[in-house]
Amino acid sequence: MACIYRLVNRASMGLGLLGTVAIMLMMIHVTLDIIFRSTISMSMPATLEMVTRYYLITLALLPLAWVEWRNQMITVEALESLMHPMLIRLSDVLVSLLSAGVYLVLMVATWGKAMEQFQIGSYVMSLNFPMPVWPTYFVLPLSFCLAAIVCLIRIPLLASGASYPIDSQEG
Amino acid sequence: QARDLRLAPGVPPAHPAHTPLYTEFLNTLAEESDGRLGGQIMGTEIASLGNMRTAIRSGLVEAGLLLPAYFPADLPNFNLVGDQGLIGTNSLAMNGAVTEYIATCGDCQEEFSELGIVYTSTHTTDVYHLMTNKPVTTVEDLRGMRMRVGGPQWSRWLEYMEGTPVSTPVGETFEALSQGVIEGSIGSSADIISFRLEDAIDYLTYIGLGTFHSTTSHAIGQTVWNSLSPEDRKAVARASTRASALATKRWAYEMPAEADQVARDNGIEILEASEELVEETQRFAEEDLVYAAEQAESRYGVSDATAKLERFQGLVEKWNVIVEELDEDPEAIAGAINQEVWEKVDFTTYGN
Amino acid sequence: MSVEIGFYGIAALLVLLALRVPVALSMIVVSLVGITVMFGWSTAIGMLSSTPYEFIAKWTLSAVPMFLLMGFVCFHTGLTSGLFNAAKVVFRWLPGGVAISSIFASSGFAAVSGSSVACAAAMGRIAIPEMVKGGYKPSFACGTIAAGGTIGALIPPSILMIVYGVFAQVSITQVFLGGISIGLLTAISYSIVILVVSWLRPDIVPRKATDARNISAKQALIEIWPVMALGLLVFGGLFSGFFTATEAGAVGAAGAILIGLILRRLDRKAMKAALLETLSTTSALLIIGVGASMFTLFLSLSGLAGYITGAVTGWEPSYLQLMLVVVLIYLFLGLFMEPFGAMLVTLPVLLPVFELYDVSLIWFGVLLVKLLEIGMITPPVGMNIFVIKGVAGQYASLVDIFKGVTTFLIADIVVVALVIFFPEIVLFLTGS
Ligand code: NA
Ligand code: NA
């Protein structure tokens, strides 16, 4: 079991790291676009399309599993102080189960969309260049799939009230 | 008891693609179907231009404004003529030409059928002009200019003139212009009203860079279409055609006149393109037609592109004449499109 | 019939939230079930398949991770302490000078940071120990920084304002400009609170400052230049037209990294921490946005949004009655909700009402952010308070920090009233 947790931790962390690459690329792409256009009056190619469809989609969704693993989803904690620890544990398990269900439905829905976009080979016109965008649609089912796995796999831990490795791989 | 359709223009109420394109569609639909069909117009929170494809296919929207330019991979045959903006000199004539072309183009119909969407009619913007921060009348003035372009054909035109095309999101046009990030925008002069550009530009150059007519005014979902009787299908097509004509009247005639007034009131200098620039633009248009046909065949898998473009050009010339004869009266032109196009269509099989 | 489904949907949402289901998932579940009931499974799946992509792939939203990164880099490279020292040079002579300095240092840091939590955390580490040493009552010292942190989301850049602008479809630059006045107004009102407390209760706020480290104006300038350079880069470039507000975040983040490298303060560890915090915050935030846009769709389809708008029109409240209701709603939600969730859950219902009342959506965006920021310092859930507890927990208990912040809440209510009665306070800078 410990081995599986390490694997999940690694995988979610790995996807998260891909997200940090997207952040850096976005920053560099936009900054270079500004520098080039104000000095040599040239634009970086496909800035709008790369930023919105590649970097932003990647950095917003790929880390989802990692955010779930670290329990950083934003929740309303109003009643938490009134709840008995056992009740909190029970609600943790139920919430994790429901979350996994939602992520699975999202995965199925976005997988269908991704396959459809792949089959038509969808692209957008970036000025006069047809820029393929179908690969970006696969980011969604992948992200939701891993988020669902994280939610399912942590249930035994939540039920037993044990802590699981969150920060062990960091730093 | 009227059957209510869920309608989605995908743009806010002030936009001509909402009022009159959808408001008039609703009125006419009730009339043409003897009250059997009605509808409810839904806001942009339900369907925007970007997700219209999914909204219609999932059944959430039953009739919506679909711009083929947003979904180029789905409709390459539509975009072959949709991207030929520079051919358009008269907006109302383009309504007729595109509607007739698409309704009778087998490959286009096949693409729509694959998509699960039924084509009804097209509306057209006004002829595009230049809205800039620097005076532009000659080819020389355009050299090195950074301008927003709204489609690949204008991007090619600006590159031909040695300017720098930029793809700014339409909502950011005002900020990009007032920040000086771009020096101008190629577009409908109605943008001056729609995006308050009067505070961001200093010059409006009338040049005539063609129309934007890559539109399906009321794209109908397959499930709804299949459930309609042939009479009701015809009613939908006729209502769509009339609403498109009225929307084009608003967008291409009334709004540019208002925009011209707003520009003058705000001290924007109105310029005319030099003869040399107009001639150079014509030269580009001729070359581009050949290029577009080549690209369509090699890049986007369209067959017989040259022949298709020739047929389209013929239709544009035909409708230019009809529209002139009808004195640019939208109601009469809608009638002519019904006569020339929809009367010849068999609604028991169309769109199936 | 559909309107009833809308009401059930809202009730279900509240239940899910109370059961501690994440805000984003609660909204997605309710919308999914609601749309399935109304239109069938395939329509609901259609919505689910396209909304996440459509909502996230927006040019303006790219500013969110960029401004977050800029703030986190500044924080992890310790560019904040210089601001505090410089503020002390200016305000040292006042009663309660150190506290007032920390408020203005927060305002300065606000110009390079997108959120109030980052602001509170950064100032808390430096200013609280110094105030306690200088004879301030620890709970008040902690309260000052918790409240001062809220300025971080008022003075631009502000992630809350960006998300609002995207959702309400108004100019983000205009909302930013409105934020400058309300941010400065808040800073001034907090300073007045400190002066009054120091005058009434010298045992809480010492009248005479005992500043251990008496630095000169020149030294202060040396310490402050990195942040000033960054502010100059971002706002200078913005106002001289080198880039747009959306692009400013990328330039700011690149600038912050560059300055950090030049000063040799940005090592691999600091960079990694800044990037990971940016990543988790952006992801958690945007998935709420996805949920909110689905929930908007659901409410709109159920006809409830229209029904409520109709009900309000029927009731015909005056402008002031409407605003009183709005303020009470947000103060209530702010007690236990996180600001992005509270904003995105309510906007679908409120925006149509405001359009009806011809309320300026730019003005409302500014007021909304102020109201949400009040929620950051009210019990039982106050993110800024938790942050202070995290960085200066040895000085005061959670309850003490909540007590220490109460006097500032009075100032907040006054600011809110001023903005409602005199909208020009916000609007004169926006020119609308
Ligand atoms: Na800020
Ligand atoms: Na609170």
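In what follows, chains are A, B, ... by sequence order, proteins preceding strands, each numbered from 1.
In terms of heavy-atom pairs under 4.5 angstrom with chain A, the leader among B/R146, B/R156, B/Q295 is B/R146.
Under a 3.5 Å cut-off, the side chain of B/H129 and the backbone N or O of B/I207 do form a donor-acceptor pair.
Considering B/L75, B/T216, B/T215 in turn, B/T215 is the only one that fulfils the side chain to side chain contact (heavy atoms under 4.5 Å, CB included) rule with B/L67. Tested against B/H213 for a side chain to side chain contact (heavy atoms under 4.5 Å, CB included), the candidates B/T124, B/I87, B/T125 yield a single pass: B/T124.
Contacts of B/R148 with chain A are absent, with no heavy-atom separation under 4.5 Å from either backbone or side chain. Proximity to chain A is limited to the side chain of B/Y300, based on heavy atoms less than 4.5 angstrom apart. Contacts between B/T164 and chain A at a heavy-atom distance below 4.5 Å involve the side chain alone, from C-beta outward. Within the 4.5 angstrom heavy-atom criterion, atoms from both the backbone and the side chain of A/L127 approach chain B.
Other residues, nucleotides and ligands contribute more than 12 heavy atoms inside 6.0 Å of the CD atom of B/E287.
Taking the six-membered ring for Trp and the full ring otherwise, A/W111 and A/F144 have centroids separated by 6.0 Å or more.
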